[in-house]
2 protein chains.
Amino acid sequence: MPSAEQPNLESLKSAGLKSTSPRLKILALFESGPERHMSAEEVYRLLLASGEDVGLATVYRVLTQFQQAGLLERHNFEGGKSVFELNQGKHHDHIVCLQCGHVEEFYDAIIETRQQNIAAELGFGIRDHSLCLYADCTKIQCPHAGNTQRSTATPSA
Amino acid sequence: MPSAEQPNLESLKSAGLKSTSPRLKILALFESGPERHMSAEEVYRLLLASGEDVGLATVYRVLTQFQQAGLLERHNFEGGKSVFELNQGKHHDHIVCLQCGHVEEFYDAIIETRQQNIAAELGFGIRDHSLCLYADCTKIQCPHAGNTQRSTATPSA
DNA sequence: ACGCAAATGATAATCATTCTCATTTGCATT
DNA sequence: AATGCAAATGAGAATGATTATCATTTGCGT
């Protein structure tokens with residue numbers, strides 16, 4: 001027998017979390033699911049669709065635990081619901097489709113540097129930051145038309 | 001008698017909104033109140049505190065109407081609630097205290113330019129964007145300690 | 001196999017916000 | 001100044017996302 005290779009079990013263990021069925025399934029969904037960025041309800045629906053029987057409350061709990069453990073990142077884009085993605089270590093910003101909520105990623109070294117400089121100029125350190133560009137589905141040929149989006153949601157500046 | 005000078009009445013009129021007591025009071029609060037950035041509930045509480053009798057639903061309605069009319073800007077920072085500020089025409093980004101939600105403003109031409117470039121590089125136009133830096137109260141000597149902040153709120157990147 | 005703390009799932013509760021609807025009010029017109 | 005009516009208001013119900021509660025189940029060390 002070859003030596004075991006179960007990164008998910010390891011991730012959970014090192015996070016102090018028991019290796020349970022819902023947790024493994026949620027982690028697997030982020031690692032090999034159809035979408036990198038998912039809300040709690042999307043995760044819930046995908047699990048139900050694949051025949052898994054997990055409660056919505058558990059999904060919320062697990063997502064929050066994973067976020068606190070550093071396995072996932074949480075984003076609060078427009079639309080009123082949190083979106084999660086696998087924490088891959090590499091920082092990046094986002095561009096979100098205002099029509100369907102689909103997310104694309106980008107990274108710009110100049111902006112990152114500038115943010116640090118601004119923080120320094122203002123005399124304090126940034127704990128975190130959020131940069132999100134909003135665009136229309138039509139412009140980015142987004143393949144995810146017709147999703148949910150809160151009606152009154154308006155981009156903040 | 002000198003010629004009338006009532007910018008608020010004008011603002012409402014040109015927005016197609018009737019000049020009512022709640023609207024004038026809310027507008028006045030943003031123009032000369034203690035805080036440039038306020039949530040619906042903060043507005044509501046300040047009005048109650050100053051003896052005005054407006055309903056919370058009306059505050060929400062009026063804020064949304066003002067935003068749609070271009071009188072106010074709406075921001076969706078961390079903390080789960082929308083924050084409004086007078087639309088002064090000059091675009092700026094924000095730095096938000098993670099402890100109490102107090103907001104400071106800044107503008108950086110380099111970042112603005114860079115965002116346009118990124119949009120161009122990715123091949124589509126930005127409709128809007130949101131840049132927000134998050135810091136701790138302690139670091140910015142924020143005078144507004146002990147306010148509300150959703151416990152699970154986490155900065156998005 | 002045991003035992004117990006941790007985890008789960010169903011449901012109630014909470015929070016911000018919007019909707020409903022009966023009553024009131026601004027304002028243009030007599 | 002009196003009238004009329006659409007627009008606005010306010011109280012409370014409804015909604016949507018998320019969290020808390022609590023009895024039952026399960027992972028895992030002994």
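If you're wondering where the values come from, they're calculated on a predicted model, not measured in any experiment. Letters A, B, ... mirror the listed sequences (proteins, then strands); counts begin at 1.
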- Note on the structure: Taken to the nearest whole Å, CD/B:Glu41 to C1'/C:dT18 is 15 Å

- Query: When you measure from the side chain of A:Lys18, which nucleotide among D:dT18, D:dC28, D:dA11 comes out closest?
  - Reply: D:dC28

- Of A:Arg23 and A:Tyr44, whose nearest nucleotide on DNA chain C comes first from the 5' end? A:Arg23

- Message: By nearest atom, which of the nucleotides C:dG9, D:dT19, C:dA16 is closest to the B:Tyr60 side chain?
- Response: C:dA16

- Query: Rounded to whole angstrom units, what separation is found between the CD atom of B:Gln67 and the C1' atom of C:dT17?
  - Reply: 13 Å

- Query: Within the pair B:Ser19 and C:dG26, is there a side-chain N or O less than 4.0 Å away from OP1 or OP2?
  - Reply: no

- Between B:Glu104 and B:His94, a side-chain donor and acceptor under 3.5 Å: no

- Just how far, in rounded Å, is P of C:dG9 from CD of A:Glu52? 11 Å

- Consider the side chain of A:Thr58, meaning its heavy atoms from C-beta on, and name the nucleotide among D:dT9, C:dT18, C:dG9 that approaches it most closely. C:dG9

- Pair A:Arg36 + A:Glu105: basic N to acidic O under 4.0 Å: yes

- Task: Could you tell me the separation between the NZ atom of B:Lys13 and the C1' atom of C:dC27, rounded to a whole number of Å?
- Result: 9 Å

- Message: Both A:Ala57 and A:Gln65 contact DNA chain C. Which one's nearest nucleotide lies toward the 5' end?
- Response: A:Gln65

- Using whole Å, report how far CG of B:Leu63 lies from C1' of C:dA16. 13 Å

- Task: To the nearest Å, give me how far apart CG (B:Leu24) and C1' (C:dT25) are.
- Result: 13 Å

- Length of the line joining B:Leu56:CG and D:dA11:C1', which is rounded to integer Å: 11 Å

- Query: What does B:Thr20 touch in the nucleic acid at a heavy-atom separation under 4.0 angstrom: a base, only the sugar-phosphate, or nothing?
  - Reply: sugar-phosphate

- Item | Spacing of A:His75 atom NE2 relative to D:dT18 atom P, expressed in whole Å | 14 Å

- Task: Give A:Ser82 one of three labels, base, sugar-phosphate or nothing, depending on what nucleic acid heavy atoms sit under 4.0 Å from its own.
- Result: sugar-phosphate

- Assess the side chains of B:Arg23 and B:Thr58: does a donor N or O sit below 3.5 Å from an acceptor N or O? no

- Query: Between the side-chain atoms of A:Arg61 and the base atoms of C:dG9, is any donor-acceptor pair under 3.5 Å?
  - Reply: yes

- Query: Taking atom types as modelled, is there a side-chain donor on A:His92 or A:Glu85 under 3.5 Å from an acceptor on the other?
  - Reply: yes

- Message: If only side-chain N and O atoms count, and only distance matters, is there a donor-acceptor pair under 3.5 Å linking A:Ser39 with A:Glu42?
- Response: yes

- Using a 4.0 Å heavy-atom cut-off across all strands, classify B:Ser39 as base, sugar-phosphate, or nothing. nothing

